[in-house]
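Below, read A as the first sequence line, B as the second, and so on, with proteins coming before strands; counting in each chain starts at 1.
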Amino acid sequence: MRILLIEDDSCLGASLVEALRREGYTVDLLAQAEQVCMALRDVHYDAVLLDIGLPGMDGLSLLGQLRARACALPIMLITARDDWEDKVRGLDLGADDYLAKPFMLPELLARLRALLRRASANKLACVQLGALALDMGEHSASLSGEPLPLTRKEWALLLELVMQSPQLVPKRKLIDSLGHWDRELSANALELHVSRLRLKLAVSGLKLETVRGLGYRLLEQASARAEVTRDHPCDGP
Amino acid sequence: MRRALMQRLNAALERVSLRTRLLATLGLWLALVLAAALLLDLRGAEHLADQAFDQALLNNAVALAARVEIDSDNDLDVDLPRSAQALLQADPLDELFFAVFDGEAKLVWGDVRLAAFVNARPPANQLSLLGQLEGQAVRIVTLHHQGPAKRASIVVAETLNKRRETSSQIRARSERLGLMLLAAAMLGLYFSTRRILQPLERFAQQIEARQASDLSPVTPPSGNSESAVLAAALNSLLTRLRESAAAQREFMGDTAHQLRTPLAGLSLQIEMAIEDLTADPAAAPAQGARLQLMLSLVARLQRLVQRILSLEKASSEPGSGLPAQTLDLTLTVEGCAAEFIDRAERTGIDLGFELEPATIEGWPGELHELLSNLIDNALTHGRGPVVVRTRTTAAAVLLEVEDQGMGLDASLLPELFQRHRRGAASQGEGLGLFIVKAIADHHRASVSLLPGKGGVGMLAQVSFNKPGRT
């Protein structure tokens with residue numbers, strides 16, 4: 001996985017490069033937005049980490065230009081400003097995620113993984129989370145290579161949770177997206193699907209956690225995550 | 001010593017209200033002027049009365065002079081019947097004394113004791129002179145060169161009782177008049193100063209009623225020049241204050257923002273150092289503990305920076321001048337919750353949500369700060385389950401955060417929303433509730449801190465107006 005990092009602060013840039021390389025990513029660091037277009041022409045990147053506050057052209061302008069040129073690369077904004085308006089503007093301009101400084105390394109890595117997962121899902125490729133693999137083309141799941149039988153609702157539910165992991169997915173959003181198939185899905189029905197899915201994931205090393213009254217999130221448990229290697233081959237059929 | 005006393009007196013005077021001082025000063029001067037005027041008037045009235053009495057005394061002397069004749073021995077004689085003499089001395093108040101002398105020494109008729117006054121002359125502009133007779137004060141009138149051959153000198157004296165009586169009557173009348181005048185004037189002064197100073201007092205009340213953070217220009221209640229001048233001076237001061245506050249906020253915000261980048265780098269470096277250490281079997285465990293401590297210190301610094309930014313947001317204009325949006329509070333809660341779930345899990349606190357539809361008008365960024373601070377407080381001070389609730393009642397839209405912690409010291413309540421105020425056992429930087437209050441003010445919402453369910457813990461309740469109501 002090759003990441004393009006655009007960050008003007010040399011200390012933070014170097015720290016980020018080192019932290020990401022340790023995780024097995026290949027990272028290129030640029031300090032100015034103006035150099036980005038050329039870099040993107042020459043090299044294929046899987047994701048871009050873009051600081052908003054840059055000398056010269058700022059991150060948001062660059063984001064706008066890239067999206068205007070139909071560049072579909074997953075882009076995560078990193079910013080020292082966390083104004084709500086900035087965030088909304090960034091997401092409106094087509095950023096895939098938004099991370100406010102200061103952040104802890106695990107959060108950055110989790111978000112980056114989610115970003116890459118969503119990107120592979122969009123390419124109908126294989127999505128990996130811990131021992132779980134989702135084949136987006138086939139709509140099928142496998143756990144450590146073994147096929148995992150799922151109903152259509154369970155698949156949709158799992159997909160939402162995997163895409164956002166480890167972020168919280170609000171109940172409301174799940175009801176909306178599952179209601180696509182069944183308009184009358186109730187909160188109780190959702191809970192039923194969730195508890196069935198939880199049973200099926202019991203030995204996966206993934207934890208389907210309930211945030212009381214708000215929603216659910218899918219977590220890789222610490223021991224399970226250590227086994228995962230970068231560029232993991234798809235185990236699914 | 002005396003100077004210190006004077007200073008204390010002056011200071012005490014300056015604390016007295018302007019109106020009281022105005023009334024006291026004007027009243028004092030008025031009383032002095034009135035007293036002086038009345039005193040002069042009194043002197044004049046007494047003088048006139050004296051003149052009248054002197055004239056009467058002189059008339060007696062002239063009448064007596066008409067009775068002086070020369071007998072056959074060429075001696076002077078007074079032909080006054082006893083009855084006439086009794087008539088002259090019939091005054092019930094005063095005693096009258098007469099004497100007629102031949103020349104200046106020889107008593108012809110009357111009281112010999114008056115011989116001492118034959119040569120006495122009254123002071124200029126007066127008809128009579130003051131003297132002592134048998135220990136009594138008397139007024140004396142003398143006439144010389146009277147009668148046939150102009151040989152007779154006539155002396156008439158009278159005690160002062162009538163005059164004293166009259167003068168005390170005049171004085172009493174003057175005092176009554178003066179007091180009445182003074183009272184009438186003071187009453188007039190009282191009401192007119194009240195009326196004149198009323199706009200100023202209303203102006204003061206208007207300024208007093210402002211919120212501490214409100215630096216908007218003042219408008220004087222009436223157009224009179226003094227309040228206008230005062231308002232103009234105040235407004236120019238407020239403008240300068242506003243500008244300097246804005247500059248300070250901007251500086252604070254910029255600095256805090258700039259702090260975030262090095263903090264992020266520092267935290268990454270420490271995290272990587274911890275990883276290195278975990279991978280190295282030969283490392284001393286104390287090093288690991290040291291790095292963990294550094295990491296938690298960095299985390300605290302990061303939270304402090306976050307608080308400073310919240311504070312900047314909270315102390316600027318509502319919504320930083322942007323119009324308010326109609327928004328769903330449950331979405332704010334969802335956005336906020338993500339930040340706290342991990343922390344709640346780490347500290348073993350059950351963080352739950354009870355969300356019912358709640359629509360208000362406001363600014364999402366600010367509401368995010370408000371809720372973050374409330375949840376942060378609950379997780380810091382709370383022990384048992386923490387519940388975040390939204391609901392809509394008939395009167396208001398409520399956002400609540402309830403914990404089961406040590407609750408609230410009632411004695412701290414009034415100060416709790418002030419900057420840097422915190423409970424004794426708190427770890428916070430003491431800005432949280434101040435920020436909550438400021439943002440609630442922006443939304444015209446009220447914040448109450450109530451005891452939690454069953455008297456355990458604390459319930460922080462923010463009560464918003466329903467949309468469309470102001």
Would you mind checking which part of B:E366 comes under 4.5 Å of any heavy atom in chain A, side chain (CB onward), backbone (N, CA, C, O), both or neither?
neither

Side chain from CB out, backbone as N, CA, C, O: work out which of these in B:L301 comes under 4.5 Å of a heavy atom of chain A, or both, or neither.
neither

B:R290, CZ atom: more than 12 neighbouring heavy atoms under 6.0 Å:
no

Does this structure show an ion pair linking B:D328 with A:R172, if we count only N-O contacts that are shorter than 4.0 Å?
no

In Å and rounded to the nearest 0.5 Å, what is the CD1 to CD distance from B:I341 to A:Q167?
9.0 Å

Who among B:P364, B:G253, B:A264 has the most heavy-atom pairs with chain A under 4.5 Å?
B:P364

What distance separates A:L108 CG from B:E271 CD, expressed to the nearest 0.5 Å?
9.5 Å

Kindly say whether B:F353 contributes a backbone atom to a donor-acceptor pair with the side chain of A:R212 at under 3.5 angstrom?
no

Scanning both residues in full, the closest heavy-atom pair of A:M104 with B:S267 reads SD-OG, 3.8 Å

Set out, in order, the CA-CA distance, both residues' side-chain angles and the distance that settles side-chain contact (heavy atoms from CB on, under 4.5 Å) for A:L214 and B:L355, then state yes or no.
CA-CA 8 Å; A:L214 199 60; B:L355 305 182; 3.2 Å; yes

Interface check, chain A: of B:D350, B:V305, B:V333, B:L266, most non-hydrogen pairs under 4.5 Å belong to B:D350

Quick check on B:D276 against chain A: is it the side chain, the backbone, both or neither that has a heavy atom closer than 4.5 Å?
both

Just so I understand: if I count every heavy-atom pair under 4.5 Å between each of B:E275, B:H368, B:E334, B:Q258 and chain A, which residue has the most?
B:E334

Quick one: CG on A:L105 to CD1 on B:I270, what's the gap to the nearest 0.5 Å?
12.0 Å

Is any side-chain heavy atom of A:R217 closer than 4.5 Å to one of B:D342?
yes

Can you name the residues of residues 4-20 of chain A that have some heavy atom under 4.5 Å away from a heavy atom in chain B?
A:E7, A:D9, A:L12, A:S15, A:L16, A:E18, A:A19

